[in-house]
Each structure stands twice: as C-alpha cells, then as structure tokens.
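First the structure, in the form of structure tokens, and then the observations on it.
Naming: A, B, ... by sequence-line order, numbering from 1 per chain.
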Amino acid sequence: MSLPTADAPALLSVRGLEVTFGENPEPVLHSVSFDIRPGERVAIVGQSGSGKSTIIGSILRLLPGDGHITGGSILLDGEDLSRASEQRMRSIRGRRIALVPQDPASNLNPSMRVGAQIADALAASGSRSKAEIDRRVLELMTEAGIPEAERRAKQYPHEFSGGMRQRVLIAIALSREPELLIADEPTSALDVTVQRQILNHLQTLVDAHGTSLLFITHDLGVAADRTDRIIVMSEGRIVEVGTPAEILLSPQEEYTKRLVAAAPTAVAAVRVASASSAVKPGPILEVSHLVKEFKIRGQRGSILKAVDDVSFSVERGTTTAIVGESGSGKTTVARIILGLESATSGTALVDGEGITSSRGRQRRALRRRVQPVFQDPYGSLDPTYSIEKLIDEPLRIFKVGDRRSRQERVAELLDQVALPRTVAQRRPNELSGGQRQRVAIARALALHPELLICDEAVSALDVLVQEQILTLLADLQTELGLSYLFITHDLAVVRQIAHNVVVMKRGRVMEQGATNTVFESPSSDYTRELLSAIPGASLVG
Amino acid sequence: MLNYLATRLWQSIVTLILASMVVFFGVRQLPGDPALAMAGEEATPERLAAIREQLGLNESIITQYVKFVGNMVRGDFGQSTRTGAQVTDLVAATLPVTLWLSAYAIVVAVIVGVLLGVIAERFRGRWPEWMANALALIGLSVPNFWLGILAILYLAVAFGLFPASGYVPISRDPFQGIYHLTLPAIILGTSLAAVIMRQTRASMIETMKTDFVRTARAKGLSRPRVLFRYGLRNSLIVVVTIIGLQLGGLISGAVVTERIFALPGFGKLTLDAVFTRDYPVIQAVVLLITVGYILINLAVDILYSVINPRIRVGGKS
C-alpha cells in the first residue's frame with residue numbers, strides 16, 4: 001500500500017499505529033498508517049470490529065477501558081499525540097480535533113440543557129464572557145440548522161428528535177472551529193432523508209471553514225458521496241486506499257470487491273425468491289382499512305393517528321415490504337398483525353382470521369402460524385438461555401413432541417439456518433450478530449409458521465452479514481413456501497428481497513405495488529425523495 | 001405537574017387510612033392490658049373497670065376506631081395512659097430532637113457518602129478506592145451502638161472533642177445545639193453514608209462509561225467538570241432513591257442512637273410507649289412516622305424530576 005503523496009504537508013499523520021486491549025497480546029490495530037491533509041476529506045470504511053472506532057479513540061486518546069497505544073505515532077502538525085500528556089490532550093480536544101459521535105440518542109447529557117452543553121464546549125477555551133458565549137451558542141445552533149435557537153437552547157435533549165440532536169452535536173463539534181473534524185458514523189442512526197440533510201449540512205459547514213474531515217462509516221455509498229479518499233479496513237488492518245471511483249469501480253482487493261458487491265445501493269443484484277410452486281395461490285394476510293389511534297399524554301383530547309386507513313395484502317409464498325422512516329407507523333402495523341396491539345378500527349386477517357378478534361384456542365393456533373423476527377439480535381435473545389433452549393422454547397410452550405423429538409427439531413432448524421449443530425449448547429453472547437439473527441430465525445421457524453413478520457430484521461447487521469441473512473431468508477422461502485412481511489427503513493433491502501412494496505409515511509400508505517414498478521417509476525413524490533436519498537446511487541448508477 | 005401532585009395526594013390519603021387501620025388494630029393485638037399497666041399490679045377490679053370506662057376500652061372495637069379517626073382528624077391524639085400528658089405535647093417536645101438529628105445525619109451521610117463514592121470512582125484500583133471501600137465496609141458491618149460507644153469513649157471522654165451526651169435545643173442556641181448533635185449525627189449517618197458511597201461509586205462507574213461522557217471529554221472539558229456536571233449529576237438519581245429507601249433504617253437507628261447519647265427524642269418516646277402499652281402514644285407515633293414516610297417519598301419523587309428532566313410528568317415527550 002502506497003502512502004498518499006501530496007504537496008501540502010499532512011495535518012494528521014498516523015504511522016504504524018498499534019493498539020491493544022488489556023493483557024491480550026493480540027493487537028486490535030495492526031500497523032495502521034494514513035495521512036489527512038488540510039481541507040481533505042477522508043473516509044474509513046469497515047464493518048463492526050474492523051478497528052475504525054479504535055482509530056478515533058487513539059487519535060483523541062479516549063480509548064475505552066484498558067485500551068492503550070502500543071506502537072506507532074499519531075502526528076498532529078508534527079506533535080506526537082500518542083505520547084502527549086492528558087493536560088496537553090485536553091487543549092487539543094475540541095479546539096484542534098473535534099468529534100461528531102455516532103449515536104445522537106446517547107451522546108448528549110440527559111440532565112443538562114442543550115444550550116448549556118454547547119456553551120460548555122465554548123467555555124472550555126476560557127477567554128469569552130458569559131454574554132458572548134450565549135450569543136455564540138445561538139449562532140452555532142442556527143448555523144447547524146436548528147430553528148428557534150433561543151427557545152430550543154433552553155430545552156433538554158429528550159425534547160429533540162434524533163436529527164436535531166445530531167445537529168446539536170455538530171454545533172458542539174464546530175464550536176471552536178477545529179482543524180480536523182472526526183465524524184463517527186454521524187448519521188447511521190437516522191432516517192435516509194434526514195441523513196441526507198444532515199450530511200449535506202455538515203459538508204457545507206466543513207467546506208466553508210476549510211476543515212479537514214475524517215469520516216468513519218460502514219456504508220460505502222455514504223463514503224463515496226462525501227469524501228475525497230476512502231480507506232477500507234478489515235480486522236484492524238488497512239486493506240485498500242483509493243479515490244471513491246477507484247474503490248467502487250475497480251476494487252483491487254478481494255475484501256473490497258465483496259464489500260462493493262454487497263453495498264446496499266438501489267441497484268444491487270435482485271435476489272427475490274421465485275415463488276415455490278407447492279404453495280396454493282391466494283393471500284395469506286389481508287389488511288384492510290386499518291386504523292390505530294393513540295391518545296397523546298398530557299394533551300387532553302388530542303389524538304395521534306399512528307396508522308391511518310392502511311390496506312394491503314401479502315400473497316402466499318411472497319414477500320411484501322413495508323418501507324418508511326421512523327414515525328411512519330410501519331412497526332405499529334406489524335404489532336397489530338402479531339396481536340401485540342389492538343386496532344382502533346379495520347382488520348388484519350391471517351388466512352381470514354384476525355388475531356385480535358379471536359380468543360383462546362383459535363388465537364393460539366393463529367399465533368403459531370405467524371411468527372416475528374425482531375431487529376435487535378442482542379436484545380431479543382435471553383442471554384441466560386442456551387441456544388437449544390431458545391429455539392425449542394416455542395415447542396415447549398405449545399407442548400409439541402417429547403424431549404427427543406424436540407432435540408431433533410432443533411438440530412434440523414440449525415441445519416436450515418446454516419448454523420453448526422454444536423452451537424446448541426452455547427449461549428447468545430458467544431455468537432456474532434449474524435449468528436444470533438439466524439438463531440432468531442430458527443426460533444421463528446420452529447412451529448412451522450406460514451408467515452414471518454420481520455421487523456427491521458437485518459438493519460442491525462453489517463452489509464456482508466446482512467447479505468447472508470437475506471440470502472438465507474430467500475432460500476427458506478423457496479424451500480418452505482414461507483410468506484414474509486418485511487418491515488424496513490432500508491430501500492436497498494426492499495429491492496433485494498421483496499416482491500411487493502408498501503411505502504408508508506405518517507401512518508398513511510403513500511404508494512404500493514410490485515417492487516420493480518415502484519422503484520422504476522415511482523408515482524408519489526415521497527417515494528422519489530426516498531429513492532434519491534439512498535447513498536451511493538449517484539456513483540454506481 | 002399539578003395533576004401529578006393531586007394524584008399523589010389522593011394516593012397518600014388512601015395510604016394514611018390503611019395505615020391508621022393497621023396501627024389501631026395492630027396495637028390492640030399487643031400482649032398486655034393498658035388498664036393494668038396504668039393502675040399497677042395491685043389495682044382492684046373496680047379501679048380497672050373505671051379506667052377502662054375512662055379510656056373507652058369497653059366499647060366495641062369499631063366504635064373505638066371511628067372515635068379514634070374522628071379525634072385524629074381534629075388533631076387530638078388523646079392523652080398518654082401512662083403520664084396523662086397530652087400526646088400532642090409529648091410529640092411536640094420530642095419530634096424536633098429526632099428531626100434535627102435525622103436531618104443532620106442525612107446531610108453528613110450524603111456529603112461523606114457522595115464524596116467517597118466519587119473519590120472511589122476517580123481513583124479506581126488505587127489506594128483511595130480501597131480506603132473508601134474499607135470505610136464503607138466498616139460503616140455497614142459494625143453496629144451503630146458499638147460505634148456510638150467507641151465514639152463516646154474516644155472522641156468525647158478521652159479527647160473531649162465533643163460532649164458525650166445531652167441536648168441543647170437548636171432554637172435556643174444554634175451553635176451549642178449543632179455541636180451537641182454532631183457526634184450522634186455522625187454515628188447515625190454512618191451506615192447510610194456507607195450505602196450511599198457504594199451506590200454512588202457503582203453508579204458513577206456506569207455513567208463514566210457512557211457516550212455522553214466521552215463526548216464531553218472530546219469537547220476538551222476539564223476533568224472535574226466532566227466528573228461532576230456529567231458524571232455525578234446523572235448518577236444521583238440512584239442515590240436519591242437509596243436515600244428514600246434507607247430513611248426507615250434511619251428512624252430505627254435514631255431510637256438506638258438517642259438511647260446511647262441520652263437524647264430526649266422521638267425514639268425514646270416510642271420505646272417507652274411500647275414498653276408501657278401506652279396505646280394513644282404508640283398510635284400517634286406510628287401514624288406520624290407514616291406521614292413522614294409519605295412526605296419523604298413525595299419529596300424523593302419531586303427531587304427525581306429536578307435531577308432528571310425526562311421524568312418530569314406532564315411535560316412534552
């Protein structure tokens with residue numbers, strides 16, 4: 001790998017960086033070297049565990065727990081940060097190198113007013129007066145695109161939406177006009193349209209100030225759209241470095257090729273399963289005129305229509321995707337179908353029967369036929385259970401078979417989701433995210449259901465793993481004639497797996513139809529907006 | 001917020017009614033006869049009957065309860081069957097002693113506990129943490145009365161730093177009053193301080209690992225600022241809960257502490273009343289403690305919303 005050559009001297013120069021955690025002799029970063037020149041925008045792309053967050057921790061010297069730098073240097077204008085004192089680092093953090101962190105939900109102090117948190121960053125530099133700081137806070141908030149700055153500065157983080165919180169974090173990072181801004185997956189927790197707004201805004205500000213940008217992301221598309229140079233990382237090593245065009249159009253390394261192939265862009269290979277011929281035709285799920293109203297707490301009489309007159313159906317052996325941003329009501333629809341929530345009006349019928357309207361034996365029978373797979377492969381598996389116990393739990397609840405036959409069924413299910421049978425005796429924390437999601441799928445399949453409700457079932461996974469799970473789901477559909485209702489915010493995933501798509505916004509169906517039709521000739525403005533917000537579409541398309 | 005307070009008030013009234021029932025019927029299940037206790041061992045049956053008549057003990061238990069509630073609402077807790085003094089007067093004389101003592105003990109416990117907790121977090125794995133942990137262990141495991149006796153022996157008798165016993169009303173002489181209460185308050189607050197220290201430490205360790213603390217450090221903030229404004233502030237919610245839960249222990253601790261330091265407080269009044277089956281006094285004392293509990297819990301809930309804006313009820317979510 002060649003080091004970047006340039007006329008301008010590097011602002012930040014990382015050389016042979018090696019980081020280890022605790023007593024573990026195996027480093028997490030292996031001799032990582034790269035440069036960032038003044039005004040340059042560099043992306044580090046990699047999956048979870050690739051070491052990209054460790055790089056940030058090293059540069060800011062904020063490594064979690066017992067992580068420490070064991071080799072190499074981090075030169076900022078020639079000064080080695082890896083050997084700087086804590087005192088010295090404090091004067092560099094925020095002033096010369098600032099951070100826009102990943103998750104806007106957890107990165108603001110919940111018990112401190114938003115304005116005060118921005119003021120805090122300003123006050124760290126000393127010199128300014130209180131009035132001056134207050135004025136600057138409002139200026140920064142307005143600059144970051146937060147309307148009514150004066151009023152909102154007095155609010156607490158929980159009164160802000162995710163996108164607005166991220167803007168606050170951007171305001172904090174830019175408050176002292178740093179020379180280098182590190183953005184750590186700054187929008188991965190946000191909806192695509194919000195993501196685009198925030199990234200556009202961030203880019204405008206960075207360009208206007210001539211700030212250098214180190215952009216950390218798992219999303220090749222975002223990296224390609226936003227930066228001058230991409231560094232691809234895997235397992236603590238730099239795999240490949242190049243311009244976005246080089247990386248996306250002519251990747252050299254095997255790993256990069258796989259990453260590019262799996263990149264969740266709108267043009268990714270269509271992998272929709274062909275319907276199994278064994279399946280009898282007709283809809284398995286019929287949702288008609290579904291309405292769900294919530295009373296808004298604290299405001300008497302006001303009602304939120306989370307689901308507003310939603311109708312669609314899922315044909316046997318096919319996949320229907322409901323796509324929408326947060327607050328679109330897609331999850332509420334799923335919860336009503338699963339019988340976890342009751343509808344205000346309208347019906348959701350599985351094979352002509354409604355879970356909410358049925359009782360007792362009939363309801364139990366219906367529950368067996370509709371099974372959920374949830375988003376979070378960490379939160380949805382009880383960590384104290386063995387994998388075998390997790391998968392055969394539905395069998396035990398419904399008193400299916402005896403001990404021996406249940407064991408056989410678990411083994412069979414593990415085969416189906418392509419997990420080695422040996423994992424049966426292990427616990428969830430010993431498995432990776434992708435493996436856990438396979439366990440969740442196996443559990444959902446245990447009772448031979450006909451319909452799987454997958455609520456953001458792949459959103460928490462890295463692209464390569466995501467691709468494997470989607471392939472698995474498609475294979476299972478062909479093999480078992482399953483029907484899927486796929487709830488997602490990710491249009492790329494829809495393209496990959498769904499036969500039909502329902503686009504939702506604020507509780508209403510904006511558009512529905514065959515996936516290809518909707519993607520190629522969207523009829524609503526909202527769908528067009530969603531499609532154009534998919535990162536990476538510009539380069540590959 | 002007003003809505004919330006109204007709900008809480010209503011709940012409190014129901015709790016009080018239930019508590020009055022438990023107290024009233026519970027006291028009557030105690031072994032022993034108050035008339036006998038009043039009249040003495042050699043009383044004639046006629047004298048006992050007269051006393052029963054006077055105390056209303058001959059009426060049905062329901063009638064007695066209704067009368068008791070009626071009087072209570074008017075603020076009349078009756079007379080001590082032992083001394084004949086008005087129960088309200090007895091309470092008025094002893095309650096301030098205990099309230100001052102408990103309040104002082106809480107203040108001491110919070111200051112010492114939170115400080116040690118923060119120190120333990122800040123110096124994790126080094127000697128200040130071990131010291132703090134050792135102190136907490138001692139505070140939790142050594143009984144109050146033993147610590148009290150040791151304190152009297154060394155701090156009061158041997159070195160004469162504090163008075164060994166006695167009480168000066170704070171309203172009469174604030175300095176002397178606080179001075180006399182210092183040793184008892186430290187002793188009473190020890191176990192609470194230990195619990196608070198352990199909770200603060202655990203909670204701080206969690207909070208200092210959060211994303212927003214890292215972000216605060218990435219802003220270039222000074223260490224104390226991050227520690228107190230970001231770390232401690234968000235750790236205090238657990239601590240406030242603990243204080244609320246531990247106050248019960250504080251009241252029973254006060255009984256013992258008052259004994260050791262010969263303070264004329266509520267604890268002493270309670271003990272004496274129980275030993276002599278002084279029904280009216282016991283009832284008044286237990287009810288007042290219940291009211292105290294309810295008020296403290298309300299205060300804790302309100303404190304929550306001050307510390308944690310997300311709990312503020314009725315606000316926009």
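- Using modelled atom types, one side-chain atom of A:N109 and one backbone atom of B:R229 make a donor-acceptor pair closer than 3.5 Å.
- Counting heavy atoms from C-beta outward, A:P101 and B:D211 have side chains that stay 4.5 Å or more apart.
- A:S111 approaches B:N234 most closely through the heavy-atom pair OG-OD1, 3.2 Å.
- Applying the 6.0 Å contact sphere to CZ of A:R176 captures more than 12 heavy atoms from other residues, nucleotides or ligands.
- Heavy atoms of B:R225 lying under 4.5 Å from chain A belong exclusively to its side chain.
- Of the two parts of A:Q87, neither the backbone nor the side chain holds a non-hydrogen atom closer than 4.5 Å to a non-hydrogen atom of chain B.
- Distance CG/A:L169 to OG1/B:T215: 6.5 Å, rounded to 0.5 Å.
- Note on A:V100, A:L60, A:L108: by heavy-atom pairs under 4.5 Å with chain B, the leading option is A:L108.
- No more than 12 heavy atoms of other residues, nucleotides or ligands sit less than 6.0 Å from atom CD of A:E150.
- Contact tally against chain B (heavy-atom pairs below 4.5 Å) for A:G94, A:A121, A:S106: the top residue is A:S106.
- With B:K219 as the fixed residue, the side-chain contact (heavy atoms from CB on, under 4.5 Å) test singles out one of A:R90, A:Q117, A:R93: A:Q117.
- Here CZ of B:F212 is found 9.5 Å from CG of A:N107. Values are rounded to the nearest 0.5 Å.
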